[in-house]
Every structure is written in structure tokens, then in C-alpha cells.
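Numbers restart at 1 for each chain; the letters A, B, ... are given by sequence-line order, proteins then strands. What you see is a predicted model; the values in this text were computed from it and never measured.
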Amino acid sequence: MCEQKQTVKSRFAPSPTGFMHIGNLRTALYSWLLAKSLGGDFILRIEDTDQERLVEGAVDVIIDTLKMTGLNYDEGPGVGGEAGPYVQSERKEIYRKYADQLVAQGDAYYCFCSAERLQQLHDENGLGGYDRHCRDLSADEVAERLARGESYVIRQRIPLEGVTKYYDEVFGEIEMENKEMQDQVLLKADGFPTYNFAHVVDDHLMGVTHVVRGSEYLTSTPKYALLYDAFGWQRPHYVHLPLLMGRGEDGKVSKLSKRHGAVSFQELVKNGYLPQAILNYIALLGWCPKGNNQEIFTLEELQQSFSIDAISKSPSIFDYDKLNWFNSEYIKAMSAEDFAAVALPVINETCPSYINAAKLAELLHSRVTTLAEIAAQVDFIAGRLPMEGDLYTNKKNKTTPKLCAQILADIKPVLAETPAWDNDSLFALLKDFAAETGVKSGAVMWAVRVAVARKAVTPGGATELLEVLGRDEALARIEQAIAELNA
RNA sequence: GGCACGUUGGAGAAGCGGCUUAACUCACCAGCCUCUCACGCUGGCAUUCAUGGGUUCGAAUCCCAUACGUGUCACCA
């Protein structure tokens with residue numbers, strides 16, 4: 001009989017902070033891709049062991065994000081599973097039990113040091129760790145202090161000598177001298193476990209085969225490996241991801257954070273980015289399909305071409321320019337109907353009802369990089385803008401305020417009488433008018449567009465704007481423009 | 001400061017010892033298209049892969065050193 005192959009199981013284990021950091025989302029994506037590309041399961045676990053940082057509704061944010069991005073999970077809050085509960089605060093007793101086992105084995109010990117004492121151990125830079133003050137307390141003393149009800153934590157007893165190594169699927173062999181490691185806290189004074197302990201216990205109990213997380217854990221993983229060894233558990237495959245960085249205004253690069261702009265998924269969505277565009281973009285930050293020559297991928301395509309060995313080791317900088325490009329590509333790829341469905345509500349909310357909203361949506365479709373730009377682009381339709389600067393003077397079309405006044409005065413009656421009010425007819429009409437009067441057609445278009453929009457850049461040309469505005473409003477604006485020009 | 005990891009253009013990156021006079025994408029620049037802009041199209045943009053040594057007939061690709069960068073040293077995850 002051949003050995004049965006263990007099914008792959010990966011997890012996403014965020015702490016509920018109230019928002020989904022884009023770096024965490026990418027971790028979730030890669031973790032999901034890894035499991036799914038190998039036909040495995042993906043689980044969601046909530047790491048809420050820090051009682052001081054609890055945020056209401058934060059778990060919903062995580063679940064909603066996974067739902068919106070299509071990263072469905074096979075086990076976790078809301079869907080259940082054999083290894084539940086999947087919320088760490090509900091597993092407190094489990095950790096206690098395993099911590100006790102470690103103490104009994106001599107792989108962990110009670111520490112009664114006060115916060116003040118620990119504070120003093122740190123140098124002026126906040127560096128320096130624990131001095132192992134309680135590491136060798138006698139059993140009697142421990143029992144006595146426990147009986148007295150002294151506050152304590154449980155610390156991991158790291159070997160003083162030797163080297164711990166592990167193999168990372170991305171970074172390869174990682175070695176760490178045991179003397180470099182701290183006797184980290186496993187169980188806190190409030191009885192909750194630390195991340196360092198809880199995730200190890202949970203990953204084992206939940207059957208996680210692949211631990212996918214950011215490379216900030218690269219150097220603490222030996223301690224976790226030691227924990228697996230102490231329990232006699234099989235160590236999981238480690239897959240550390242290169243960090244997502246941001247470049248600050250000072251030009252310095254550091255871990256992507258709020259100071260670099262919008263970095264949470266919901267913030268980006270609020271700013272008009274499409275979930276799939278965001279996902280596509282971050283998928284390519286730190287990973288690249290073999291021989292890549294394309295950029296746009298669906299989740300299914302990503303899943304098909306995903307492989308660990310194509311994950312890069314070097315950190316990558318989050319680039320809003322490229323995100324914008326992805327987003328505009330995704331917007332352009334939307335059907336006219338789908339785009340109208342998202343654009344129309346914005347248009348109807350800001351613009352008067354007599355305009356041709358459908359036409360406006362059509363004009364906007366190729367001109368918008370985020371959904372949030374819609375409102376900004378239609379401001380001149382929503383209401384008449386004040387005239388700013390000398391828009392009537394245009395070098396290329398050789399227009400001057402005087403010429404424009406003339407053109408507008410002449411064209412107004414023609415526009416008032418023309419039977420059809422659609423772009424094609426209007427365009428033909430203005431062309432003919434230009435030919436008849438001997439004025440450059442570009443000049444006519446320019447004069448009309450500026451009169452009607454009072455904006456240098458508009459989503460559409462003169463006749464398109466006329467169609468959107470409708471005859472009455474267009475004429476009214478032209479009349480106002482003539483009056484202003486002659487004033 | 002100790003330790004760990006990284007280093008291909010402004011950004012993401014392909015490349016895994018000869019097919020590379022370093023793909024592809026974003027950004028940028030120029031031109032075309034054109035009723036402004038956008039879209040679209042065309043072209044340009046690293047003689048060089050952090051630097052210095054080596055190994056080799058041959059190196060961005062292997063080795064070593066240096067520099068620089070980032071991460072980490074919490075009763076936070």
C-alpha cells in the first residue's frame with residue numbers, strides 16, 4: 001500500500017482589526033490559491049487573543065471581504081468545520097491545556113516578572129529581551145507563588161545552545177542560533193495565549209499543512225518549529241511571502257501602511273476600485289506566472305497557474321498607478337449595461353433629470369479610472385460652473401473670445417431650429433455650419449464646447465455634450481455665454 | 001546594535017551558465033487618430049542586471065566579500 005497523500009490545507013488567520021489591510025488580503029489570496037491549486041481546503045480562523053484590541057464588527061469586515069473577492073473558505077466562522085471553533089477567544093481552554101503540558105515536560109516555565117521589571121530590561125532603544133530571570137525557579141517556589149495568587153505568564157524554554165533550522169518553501173533553508181531567540185511568552189497573564197503559541201496549537205489541531213504568511217515571521221518561525229518539536233507534532237510547510245512595501249513622501253520605503261495612502265480593501269472599494277481589479281493587481285505583487293506575458297487574470301486563471309516556486313523573495317512596492325491601470329481595464333471590460341448600472345445612480349444623484357444620462361454614462365465608460373471619478377467628471381453637468389480663465393482662447397483652433405462670441409451668436413438660431421438632437425446629427429450640423437461660414441470646424445466645436453461646459457477637459461466633444469445636456473439647457477448655456485462674452 | 005532576509009530601469013517583473021545587442025506590464029516621452037480629454041494605434045525609454053573580486057572558453061544567471069535596503073528583537077499579531 002502506498003502512503004495516503006495528505007490533503008493540503010491552508011489558512012488565513014487575521015486578527016480582527018476592523019479593516020482588511022491590502023497586505024493581509026494578498027496573504028489570504030496566496031493562501032487560498034495555494035490550497036485551491038493543489039485541490040486542498042482553505043480555512044479561516046480569527047485570531048482575537050488580544051483583548052485590548054477588540055473591535056466591534058471587525059469579523060464581519062473580514063468575512064465580507066472574502067465574500068466580495070470570491071475567496072471562499074471551507075472551514076471557519078459561519079461555515080463550521082470539524083476542528084472548530086475557529087475563533088481563538090473561544091478556544092481558551094485548549095491553549096491552557098497544551099501550555100500545561102509544555103510546563104510539565106519542561107519546555108515552558110512560569111514567569112512572575114512584573115511589567116516594570118521587564119521594562120527596565122530594555123535599552124534606550126527599546127531593544128533587548130527577557131533575561132530568563134524565572135527560567136530556573138524551583139518547583140517549590142513556583143508552587144508557593146502560584147498558591148499566593150501571584151500573577152504569572154508561561155514562557156517557552158528555548159535551548160541555550162545549538163541551532164534551529166527549518167525549510168521555507170520560498171526562502172529556502174533558514175537557520176537561527178538558539179541563543180538569539182527569546183523565551184517568548186506563550187500564555188499571558190490574562191490567561192489568553194499569544195499569537196506565538198495559539199497559532200501553532202491551532203494549525204496543528206486544524207490540520208493545516210501549509211502556513212502562508214508575511215515574511216515578517218521568517219525569523220520567529222524557528223521558535224514555532226521548536227514548539228512543534230516539543231509536542232512531537234509534524235511541522236507544517238512554511239510559505240513566507242515577501243513584504244508589501246510603500247514609498248513614503250520622504251522617498252523611504254517601508255512596510256505598507258496608512259501613511260502610504262489608502263491601504264485597506266474597503267477604503268479602496270470606497271474610492272472606486274473594483275474588487276476583482278484589486279485582487280488581480282495584488283496577485284502580481286510578489287508572484288508572477290512562469291514566462292508571464294500578460295497581466296489580466298481571473299481568479300480561476302490565477303488558480304490554474306499558481307505555484308509556490310514563482311513567488312519572489314524580494315519585497316515589492318505597492319504602486320497606485322498600476323492599480324489605476326488595472327481598474328480602468330476592468331471598467332472598460334464591463335459591458336455597457338453593467339457600467340451604466342453603477343454609473344447611473346451617481347449621475348442621477350448629482351445631475352438634473354432632464355439630461356441624457358444614458359449617453360453620459362456611455363461617454364464616461366472609457367474615461368474613468370475609478371468609479372469615484374464619475375462625480376468629478378460630471379460636475380459641469382450637475383450645475384453650471386463659473387467661468388475660469390480664458391478658455392475661449394485656443395491656439396490650435398485659433399479661437400479668441402471675440403471669434404467665439406460670433407460663432408455662438410450665429411450657431412444659436414441654427415441649434416434652436418434643428419429637428420434632431422443626437423450626436424451624429426449635431427456633428428453634421430456643426431460641420432456644415434463651419435463649411436458655410438468659412439470658419440474652421442475645430443473652432444466651432446471649441447467655442448460650443450467651452451460655452452456649454454466651461455471646462456477645459458470634458459468627457460466628450462461639443463456635440464456629445466449638447467446631446468447630453470438636451471436642447472433647452474444647451475441653448476440656455478450658450479445664451480449665457482454670449483451675454484458674458486459681450487459684457 | 002545583534003540576528004535574518006533581500007538587491008534586474010521610476011514601479012511590478014521575465015530570465016535559472018551560451019538562443020539576451022535583458023521579454024512583458026505600468027508610469028513617462030514622442031507621433032498618429034481626433035469636436036477637448038480619454039480610448040485605440042505606432043515608436044522611444046537598462047550596452048546593462050548594487051559594487052568589487054573570483055570560477056568558467058563563456059555569468060544577470062555559480063562562489064566570496066563589501067555596500068545599501070528591509071524585517072525582527074512586546075504579556076501585538
Side-chain angles (χ1 to χ4, degrees), chain A residues 13-15 17 47-50 52-53 111 113 115 118 122-123 125-130 151-155 168 171 174-177 179-182 184-190 192-196 198-199 213-220 222 240 242-243 245 247 252-255 281 284-296 310 312-326 328 332 363-369 377 391 394 396-397 423 426-427 430-431 434 441-446 448-450 453 455-465:
Chain A
S15 57
T17 57
E47 310 218 320
D48 59 344
T49 57
D50 187 353
E52 289 174 20
R53 286 218 231 166
C111 168
C113 292
L118 261 18
H122 291 185
D123 64 20
N125 297 316
L127 303 178
Y130 178 58
S151 175
Y152 67 89
V153 301
I154 291 179
R155 288 181 183 274
D168 182 84
F171 290 88
I174 303 290
E175 264 187 42
M176 184 70 90
E177 300 249 18
K179 64 171 193 260
E180 298 293 339
M181 303 184 217
Q182 302 291 321
Q184 62 181 353
V185 171
L186 265 22
L187 212 61
K188 300 186 263 191
D190 64 3
F192 278 91
T194 59
Y195 164 83
N196 304 317
H199 91 272
R213 64 181 28 148
S215 66
E216 64 264 38
Y217 293 105
L218 212 48
T219 51
S220 37
H240 286 101
L243 258 21
M245 315 295 278
R247 191 189 297 280
K252 287 237 167 69
V253 170
S254 58
K255 250 195 331 192
Y281 173 56
L284 266 17
L285 278 178
W287 172 78
C288 183
K290 291 285 175 205
N292 179 42
N293 58 353
Q294 68 173 93
E295 301 281 314
I296 306 291
S312 90
K313 296 187 185 67
S314 49
S316 38
I317 297 176
F318 190 88
D319 180 20
Y320 290 94
D321 280 338
K322 189 137 187 185
L323 207 214
N324 283 336
W325 177 79
F326 270 103
S328 63
K332 278 180 281 183
L363 292 172
L364 254 14
H365 197 165
S366 71
R367 275 170 248 256
V368 111
T369 66
Q377 290 214 27
L391 258 29
N394 179 263
K396 191 180 157 206
N397 291 306
N423 181 54
L426 289 165
F427 187 68
L430 294 210
K431 274 278 195 201
S441 71
V444 175
M445 300 297 177
W446 186 270
V448 171
R449 194 177 64 86
V450 169
K455 205 179 176 186
V457 175
T458 55
T463 59
E464 288 164 325
L465 296 187

*asked:* Categorize A:Glu295 for me: base, sugar-phosphate, or nothing, with a 4.0 angstrom heavy-atom threshold over every strand shown.
replied: base

*What is the distance from CG of A:Leu118 to P of B:C75, rounded to the nearest Å?*
6 Å

*Distance, C1' atom - from B:U61 to B:U55, rounded to whole angstrom*: 13 Å

_Under 4.0 Å, heavy atoms only, any strand: does A:Phe427 hit a base, just the sugar-phosphate, or nothing?_
base

*Reading RNA chain B 5' to 3', how would its secondary structure be written in dot-bracket notation, given Watson-Crick and G-U pairs with both distances under 3.5 Å, brackets [ ] for crossing pairs and | for partners on other strands?*
((((((((.[[[..)..(.....]]].(((((.......))))).....[[[[[..)....]]]]])))))))....

_Looking only at the side chain of A:Trp325 (C-beta and beyond, no hydrogens), which of the listed nucleotides B:C26, B:A77, B:U36 gets closest?_
B:C26

_Measuring only between side-chain heavy atoms, which start at C-beta, is A:Met445 closer than 4.5 Å to A:Thr463?_
yes

*Touch check for A:Asn324, heavy atoms < 4.0 angstrom, all strands: base, sugar-phosphate only, or nothing?*
nothing

*asked:* Just to be sure I understand the rule, does A:Thr49 reach a base, reach only the sugar-phosphate, or reach nothing, if contact means heavy atoms closer than 4.0 Å?
replied: sugar-phosphate

*Within a strict 4.5 Å, meaning less than it, do heavy atoms of the A:Thr49 and A:Lys188 side chains meet?*
yes

_Sugar-phosphate only, base, or nothing, as touched by A:Val153 at under 4.0 Å among non-hydrogen atoms_ = base

_Test item: A:Tyr195 and A:Ser15 side chains (from C-beta on) under 4.5 Å apart, heavy atoms_ = no

_Does A:Val450 reach a base, just sugar-phosphate, or nothing at all? Heavy atoms under 4.0 Å._
nothing

*Please state how far atom CD in A:Gln294 lies from atom P in B:A23, giving the value in whole angstrom units.*
19 Å

_Taking any heavy-atom pair under 4.0 Å as a contact, classify A:Gly460: base, sugar-phosphate, or nothing._
base

*Indicate, with a heavy-atom threshold strictly under 4.0 Å, whether A:Arg53 touches base, sugar-phosphate, or nothing.*
base

*Select base, sugar-phosphate, or nothing to describe what A:Met181 touches, counting heavy atoms under 4.0 Å on all strands.*
nothing

*asked:* Taking B:G31 as the reference, what is the distance to B:G69 when you measure between their P atoms (whole Å, please)?
replied: 40 Å

*For A:Lys255, report the nucleic acid contact type (base, sugar-phosphate, nothing); a contact means any heavy atom under 4.0 Å.*
sugar-phosphate

*Considering only the P atoms, how many Å lie between B:A67 and B:A23, rounded to the nearest integer?*
33 Å

*Inter-nucleotide C1' distance (B:U20, B:C64), Å rounded*: 26 Å

*Describe, in one word, how the ring planes of A:Phe318 and A:Tyr320 are oriented to each other, choosing from parallel (under 30°), tilted (30 to 60°) and perpendicular (over 60°).*
perpendicular

_Counting only side-chain heavy atoms from C-beta out, which of B:C35, B:C76, B:C39 sits nearest to A:Asp50?_
B:C76

*With a 4.0 Å cut-off on heavy atoms, is A:Asp48 in touch with a base, just the backbone sugar-phosphate, or nothing at all?*
nothing

*Heavy-atom pair with the smallest gap, counting every atom of A:Ser441 and A:Ala434*: CA-CB, 3.6 Å

*Assess whether side chain to side chain contact (heavy atoms under 4.5 Å, CB included) is satisfied between A:Val457 and A:Lys455, documenting all intermediate values.*
CA-CA 6 Å; A:Val457 175; A:Lys455 205 179 176 186; 5.8 Å; no

*Report the distance from atom NE2 of A:His240 to atom C1' of B:U72, rounded to the nearest whole Å.*
12 Å

*To the nearest Å, give me how far apart CG (A:Leu430) and P (B:C35) are.*
11 Å

*If the C1' atom of B:A65 is compared with that of B:C29, how far apart are they to the nearest Å?*
40 Å

*Can A:Asp319 and A:Lys322 be counted as an ion pair, charged N to O under 4.0 angstrom?*
no

*asked:* Regarding A:Arg449 and A:Thr458, do their side chains bring together a donor and an acceptor under 3.5 Å, going by distance alone?
replied: yes

*What are the two closest non-hydrogen atoms of A:Ser366 and A:Lys332, and how far apart are they?*
CA-CG, 4.2 Å

_Please report the distance, rounded to the nearest Å, between CG in A:Asn196 and P in B:A77._
8 Å

_For a quick check of understanding: with a heavy-atom distance under 4.0 Å over all strands, which category does A:Gly129 fall into, base, sugar-phosphate or nothing?_
sugar-phosphate

_Check: A:Arg213 and A:His240 side chains under 4.5 Å, non-hydrogen atoms_ = yes

*Distance between P atoms of B:G40 and B:C26 (Å, rounded)*: 9 Å

_Toward the 5' end of RNA chain B, by each residue's nearest nucleotide, A:Tyr195 or A:Lys332_ = A:Lys332

*Look at the side-chain N and O atoms of A:Lys188 and state whether any lies under 4.0 Å from the OP1 or OP2 oxygen of B:C76.*
yes

*Should A:Thr369 and A:Trp325 count as side-chain neighbours, where that means a heavy-atom distance under 4.5 Å?*
no

*asked:* Work out how far the P atom of B:G43 is from that of B:U36, and round it to whole angstrom.
replied: 24 Å

_Protein-nucleotide distance (A:Leu391, atom CG; B:C37, atom C1'), rounded to Å_ = 13 Å

*Considering only B:A14, B:C37, B:C3, which nucleotide approaches the side chain of A:Cys288 most closely?*
B:A14

_From the set B:U36, B:C35, B:G71, return the single nucleotide nearest to any side-chain atom of A:Leu243._
B:G71

*Heavy atoms, side chains only, cut-off 4.5 Å: are A:Leu284 and A:Pro289 in contact?*
yes

*asked:* Within the 4.0 Å limit for protein heavy atoms, which parts of nucleotides 4-11 of chain B are touched? Write it as a string from 5' to 3', B for base, S for sugar-phosphate only, - for none.
replied: SSSS---S

_I'd like the C1' distance from B:U21 over to B:U42, given in whole Å._
22 Å

*When you measure from the side chain of A:Gln182, which nucleotide among B:C73, B:C3, B:U36 comes out closest?*
B:C73

_Quiz item: A:Tyr130 side-chain donor-acceptor pair to B:A74 base, under 3.5 Å_ = no

*Contact check, side chains of A:Gln377 and A:Val368, non-hydrogen atoms, under 4.5 Å*: yes

*Specify the residue among A:Pro289 and A:Phe326 whose closest nucleotide of RNA chain B lies further upstream toward the 5′ end.*
A:Pro289

*asked:* How many whole angstroms separate atom NZ of A:Lys179 from atom C1' of B:C73?
replied: 15 Å

*Can you tell me how far C1' of B:C37 sits from NE2 of A:His365, to the nearest Å?*
17 Å

